[in-house]
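Here the structure is a predicted model, which means the values were calculated and not measured.
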Amino acid sequence: MEFIDIKRLSQEQKEIKADYQSKKPFRYVMFENFFLPEQAEVIHRAYPTIQDGKWDGTTYLDQKNKFQKTSFEPGSIMDRVFHEMNSEEFLNWLQDITEIEDKLLGDADLFGGGLHQSTNGAYLNVHVDYNIHPKTKFHRRLNVLVYMNKDWKDEYEGHIELWDLSQGDKVLMGRFAPSFNRCVIFETNEISFHGHPKPLNTPKDVNRKSIATYYYTKTRP
């Protein structure tokens, strides 16, 4: 692969799988260096500004100041990145660590995914995701998020939080800064609550950048 460090991910597959499978009530894993180090730098340099190209700046009730981009020039760096993240090789790797019983499918349309970028004051309230793709009607099963923020400081906020609300008690399962080349994978279901509820406290020239891909199955138990 050109961008994803699939050799290292394969070498660490058992450890990543064990970590993912150990989490309850919904499964997740965080690890560093998703992309090859030199290619992560290439992606970082190619990451467009909000002023560059067409971004969807739709604001929903549970979020603020979040922008999304899902359309890229064929053959461009971002186009090739998302092609890899929807490739059979990466899907097979995800299938193994998640043990999802039905065949995992990517989404060429990147509905809800793609490049995300949030500005100062942005937040995303703790929520669960939609579970049916509006076009294919497939069942959403998995989120893969890769963060592209260099020298991120804790005071900037923007940490992704994973919450267990299944028994009525609020239990913070995991909280991770959106650090450069860090990957967070978690299953999506009716109890996979997540978000970054604290508003970003970033300088004017610092935005929160992430790459998001979502995965589906045709049916669901």
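No side-chain donor from either of S22 and Y20 sits under 3.5 Å from a side-chain acceptor of the other. If you check the side chains of H133 and D107, you find a donor sitting under 3.5 Å from an acceptor. Checked by atom type, the side-chain pair R27/Q21 shows a donor-acceptor distance below 3.5 Å. Side-chain contact of Y216 with R141: a donor-acceptor pair under 3.5 Å is absent, judged by distance alone.
At most 12 heavy atoms of other shown residues, nucleotides or ligands fall within 6.0 angstrom of atom NZ in K153.
Counting only heavy atoms from C-beta outward, the side chains of P203 and Y156 approach each other to under 4.5 Å. When side chains are defined from C-beta on, L162 counts as touching F186, because their heavy atoms get closer than 4.5 Å. Looking only at side-chain heavy atoms (C-beta outward), D109 and K135 come within less than 4.5 Å of each other. Contact check for R220 versus R140: no side-chain heavy atoms found under the 4.5 Å cut-off. The shortest distance between side-chain heavy atoms of I185 and F31 falls below 4.5 Å. I211 places a side-chain heavy atom less than 4.5 Å from the side chain of F82.
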Enumerate, atom names and distances included, each donor-acceptor pair closer than 3.5 Å involving a side-chain atom of residues 169-176, sequence neighbours excluded.
{"from": "R175", "atom 1": "NE", "to": "E161", "atom 2": "OE2", "distance (Å)": "3.2"}
{"from": "R175", "atom 1": "NH2", "to": "E157", "atom 2": "OE1", "distance (Å)": "3.1"}

Which pairs of donor and acceptor atoms, one on a side chain in residues 190-201, lie under 3.5 Å apart (sequence neighbours left out)?
{"from": "S192", "atom 1": "OG", "to": "E187", "atom 2": "O", "distance (Å)": "3.3"}
{"from": "S192", "atom 1": "OG", "to": "N189", "atom 2": "N", "distance (Å)": "3.0"}
{"from": "S192", "atom 1": "OG", "to": "N189", "atom 2": "O", "distance (Å)": "3.2"}
{"from": "H194", "atom 1": "ND1", "to": "H127", "atom 2": "O", "distance (Å)": "3.4"}
{"from": "H194", "atom 1": "ND1", "to": "S192", "atom 2": "O", "distance (Å)": "3.0"}
{"from": "H194", "atom 1": "NE2", "to": "H127", "atom 2": "NE2", "distance (Å)": "3.4"}
{"from": "H194", "atom 1": "NE2", "to": "D129", "atom 2": "OD1", "distance (Å)": "3.4"}
{"from": "H194", "atom 1": "NE2", "to": "D129", "atom 2": "OD2", "distance (Å)": "3.3"}
{"from": "N201", "atom 1": "ND2", "to": "E155", "atom 2": "O", "distance (Å)": "3.3"}

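With rounding to the nearest 0.5 Å, the separation of CG in L115 from NZ in K69 is 7.5 Å. Atom CD1 of I43 and atom CG of L36 lie 9.0 Å apart (nearest 0.5 Å). Note that CG of N207 and NE2 of H116 are 14.0 Å apart. Values are rounded to the nearest 0.5 Å. Atom CZ in F3 sits 6.5 Å away from atom CD in E84 (nearest 0.5 Å). For the atom pair CG of L104 and CD of E101, the computed distance is 9.0 Å after rounding to the nearest 0.5 Å. How far OG1 of T213 is from CG of L94: 7.5 Å, rounded to the nearest 0.5 Å.
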Q. Going through the distances and angles, do F35 and I4 end up as a side chain to side chain contact (heavy atoms under 4.5 Å, CB included)?
A. CA-CA 4 Å; F35 296 117; I4 299 173; 4.1 Å; yes
Q: List the steps and the verdict of side chain to side chain contact (heavy atoms under 4.5 Å, CB included) for I132 and H139.
A: CA-CA 5 Å; I132 300 291; H139 299 258; 3.5 Å; yes
Q: In sequence, state the C-alpha distance, the side-chain angles, and the governing distance for L9 and W93, and then conclude on side chain to side chain contact (heavy atoms under 4.5 Å, CB included).
A: CA-CA 8 Å; L9 293 186; W93 185 85; 3.8 Å; yes
Q: For R8 and N33, run side chain to side chain contact (heavy atoms under 4.5 Å, CB included): C-alpha distance rounded to whole Å, both residues' side-chain angles, the deciding distance at 0.1 Å, then the answer.
A: CA-CA 9 Å; R8 186 186 63 81; N33 301 317; 3.7 Å; yes
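One hydrophobic cluster, built from ILVMFWY side chains closer than 4.5 Å, cannot hold both Y123 and I160; they sit in different ones. Transitive grouping of hydrophobic side chains (ILVMFWY, heavy atoms separated by less than 4.5 Å) brings I100 and Y215 into a common cluster. Residues V42 and F34 share a single hydrophobic cluster, defined by chaining ILVMFWY side chains whose heavy atoms lie under 4.5 Å apart. The hydrophobic clustering, which links ILVMFWY residues whose side-chain heavy atoms are closer than 4.5 Å, places V144 and I6 together. W163 and M30 sit in two unconnected hydrophobic clusters of ILVMFWY residues. Membership requires side-chain heavy atoms under 4.5 Å apart, directly or through other members.
Closest heavy-atom contact between N86 and G106: OD1-CA, 3.2 Å. In plain terms, the two heavy atoms of G75 and R80 that are nearest each other are O-NH1, 2.7 Å. In terms of heavy-atom proximity, W152 sits nearest to A177 at CD1-CB, 4.2 Å. Considering all non-hydrogen atoms of both residues, S210 and Y147 come closest at CB-CD2, 3.6 Å. Smallest separation of non-hydrogen atoms from P221 and D102: CD-OD2, 4.5 Å. Between A40 and F180, the shortest heavy-atom distance links the atoms O-CZ, 3.5 Å.
Formation of a donor-acceptor pair under 3.5 Å by the R182 side chain with backbone atoms of E32 is not found in this model. Between the Q68 side chain and the G113 main chain, a donor and an acceptor come within less than 3.5 Å of each other. Proximity of a side-chain donor or acceptor of N149 to a complementary backbone N or O of K209 within less than 3.5 Å is detected. When atom types are taken as modelled, the side chain of S118 and the backbone of A122 share no donor-acceptor pair closer than 3.5 angstrom.
With salt bridges taken as basic N to acidic carboxylate O contacts below 4.0 Å, none links K7 and E12. Ionic pairing of E88 and K103 is present here: one or more N-O contacts between side-chain nitrogen and carboxylate oxygen are shorter than 4.0 angstrom.
Ring centroids of F111 and Y130 are separated by less than 6.0 Å, placing the two rings close together.
Partners of S87 under the side chain to side chain contact (heavy atoms under 4.5 Å, CB included) rule, at least two apart in sequence or in another chain, are M1, E89, F90.
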